[in-house]
Amino acid sequence: MLKVESDRGMEVFRLYQPMIGAMDDVLAGYSGAGLDLIAGFLRRSSEAGERANDQLAQE
């Protein structure tokens with residue numbers, strides 16, 4: 001089993017922090033209802049992609 005260094009998570013967090021901050025700024029401009037709408041769209045889009053992928057895999 002691969003041993004994960006305890007500070008590795010912090011390194012990854014540090015690398016992604018600029019993007020996390022930028023996304024926080026983007027999302028701050030939306031209401032709760034707007035975020036729910038966006039989340040629903042992303043969820044349904046992901047599900048549609050999974051279904052299409054499954055259909056292709058069966059061909």
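Only this structure's heavy atoms are used, side chains among them; waters, hydrogens and symmetry mates stay out. Just so it is clear, the structure is predicted and the values come from calculations on it, not from any experiment.
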Distance-only donor-acceptor hits, side chain of residues 13-24, under 3.5 Å, sequence neighbours excluded:
none

Got a list of side-chain donor-acceptor pairs under 3.5 Å for residues 47-59, not counting sequence neighbours?
none

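The hydrophobic cluster around Val26 extends to Leu27, Tyr30, Leu35, Ile38, Phe41, Leu42, counting ILVMFWY residues whose side-chain heavy atoms fall within less than 4.5 Å of a member.
Among residue pairs with one or both ends in residues 27-36, none qualify as salt bridge (Lys or Arg N to Asp or Glu O under 4.0 Å); sequence neighbours excluded.
Residues passing the side-chain hydrogen bond (donor to acceptor under 3.5 Å, both in side chains) test with Glu11, sequence neighbours excluded: Arg8.
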